[in-house]
Amino acid sequence: AQKVTQAQTEISVVEKEDVTLDCVYETRDTTYYLFWYKQPPSGELVFLIRRNSFDEQNEISGRYSWNFQKSTSSFNFTITASQVVDSAVYFCALSEGGGSYIPTFGRGTSLIVHP
Amino acid sequence: DSGVTQTPKHLITATGQRVTLRCSPRSGDLSVYWYQQSLDQGLQFLIQYYNGEERAKGNILERFSAQQFPDLHSELNLSSLELGDSALYFCASSPHDRSDSPLHFGNGTRLTVT
């Protein structure tokens, strides 16, 4: 069965600090997909990135970067020079290629960025 | 804007009542998913439809039911409501029912049962 763990319930930082959100997953499938979503205070979940299990290249998009490491079953998300607008709940999710294609979500990490 | 529309935004009702939540997927998306978000349970998958057919079922109570219509909009029916059903209910859509498809979520319907 697939499982996603986001051990950090809440993180509080001051603007311009770098912050890393951890995501650890469990799956028996060799083909799977990992996702990050952002839920701002307005409530809507917004898709940020997808990674497949065969692509371990790290990805950078502006201030956001993702580190995928199969050896540690982790898919961590780093925000560089955080801003108040980054305040949100961030969810990591996993769907299996061979098993259940329905995404399983972690419990989410609430990021609070203080001015 | 994700393109997924959910109505109503808020719903306040009493225990024992029945409500219907409505979802219109993004244009072109055939798959609709329903999730329940509560503080203690996180995001829980309820049910998924693809092109009008039920494809997957999660932790959906027997008091809850859903359907997807020929125009692809979906409705989630919650009956015999209990206080514990108070939560944020999300609809999401994707083009396919494949594991590589990211989900596009609506704004959610906040249900309060009093």
Side-chain angles (χ1 to χ4, degrees), chain A residues 1-10 23 25 27-55 59 61 66 68 75 77 88-110, chain B residues 1-11 23 25-26 29-50 54-60 66 87-112:
Chain A
Q2 56 195 43
K3 187 178 174 184
V4 176
T5 302
Q6 294 180 256
Q8 304 150 310
T9 307
E10 184 177 296
C23 172
Y25 62 90
T27 177
R28 290 184 185 151
D29 268 19
T30 54
T31 301
Y32 52 88
Y33 299 87
L34 295 161
F35 305 84
W36 276 96
Y37 291 84
K38 174 182 180 180
Q39 185 178 31
S42 56
E44 178 180 325
L45 279 97
V46 178
F47 164 67
L48 295 178
I49 190 172
R50 179 194 68 190
R51 222 57 190 143
N52 74 56
S53 52
F54 298 109
D55 183 2
E59 180 145 346
S61 175
W66 291 269
F68 174 31
F75 184 42
F77 175 25
V89 180
Y90 291 86
F91 291 92
C92 181
L94 163 74
S95 60
E96 294 174 329
S100 171
Y101 58 84
I102 303 296
T104 294
F105 285 78
R107 296 297 298 266
T109 297
S110 176
Chain B
D1 183 3
S2 68
V4 178
T5 305
Q6 283 188 255
T7 56
K9 216 170 176 175
H10 301 278
L11 206 45
C23 169
R26 281 191 326 166
D29 284 358
L30 298 178
S31 205
V32 168
Y33 303 72
W34 286 98
Y35 280 83
Q36 179 193 58
Q37 185 180 30
S38 59
L39 281 173
D40 56 338
Q41 294 290 325
L43 263 170
Q44 294 287 312
F45 168 67
L46 296 178
I47 197 164
Q48 180 238 348
Y49 283 82
Y50 178 77
E54 181 187 305
R55 282 294 177 94
K57 233 172 179 175
N59 300 320
I60 188 165
L88 194 50
Y89 290 84
F90 281 107
C91 167
S93 73
S94 70
H96 322 285
D97 58 349
R98 294 183 345 212
S99 51
D100 63 344
S101 293
L103 303 187
H104 298 273
F105 284 81
N107 285 318
T109 293
R110 182 166 294 284
L111 174 65
T112 304

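Chain letters run A, B, ... following the sequence lines, proteins first, then strands; residues in each count from 1.
In this structure, the portion of B:S101 lying under 4.5 Å from any heavy atom of chain A is its backbone and not its side chain. Neither the backbone nor the side chain of A:Y32 comes within contact range of chain B; no heavy atom of the residue lies under 4.5 Å from a heavy atom of that chain. Residue B:I47: no heavy atom, backbone or side chain, is found under 4.5 Å from chain A. Proximity to chain A (any heavy atom under 4.5 Å) is shown, for B:R110, by neither the backbone nor the side chain.
Remark: B:D97 CG to A:I102 CD1 distance equals 8.0 Å, nearest 0.5 Å. A distance of 12.5 Å separates OH in A:Y101 from NE2 in B:H96, rounded to the nearest 0.5 Å. Of the inter-residue distances, the one linking A:R50 atom CZ with B:L103 atom CG reads 11.5 Å to the nearest 0.5 angstrom.
Here B:Q37 is the residue among B:Q6, B:H104, B:Q37, B:Q44 with the most heavy-atom pairs under 4.5 Å with chain A. The candidate from A:Y33, A:F91, A:F47 with the greatest count of non-hydrogen atom pairs under 4.5 Å with chain B is A:Y33.
Two residues are said to be in side-chain contact when any heavy atoms from C-beta on lie closer than 4.5 Å; B:L88 and A:Q39 meet this criterion.
Closest of all the heavy-atom pairs between B:Y33 and A:P103 is CE2-CD, 4.4 Å. Of all heavy-atom pairs between A:E44 and B:G106, the closest is CG-O, 3.7 Å.
Enclosure of atom CZ in B:R26 by more than 12 non-hydrogen atoms of other residues, nucleotides or ligands within 6.0 angstrom is indicated.
Not one N or O on the side chain of A:Y37 forms a donor-acceptor pair closer than 3.5 Å with the backbone of B:P102. When atom types are taken as modelled, the side chain of B:R98 and the backbone of A:G97 share no donor-acceptor pair closer than 3.5 angstrom.
Screening B:Y35, B:F90, B:F45 for a ring-ring contact (aromatic ring centres under 6.0 Å, His included) with A:F105, the sole residue that qualifies is B:Y35.
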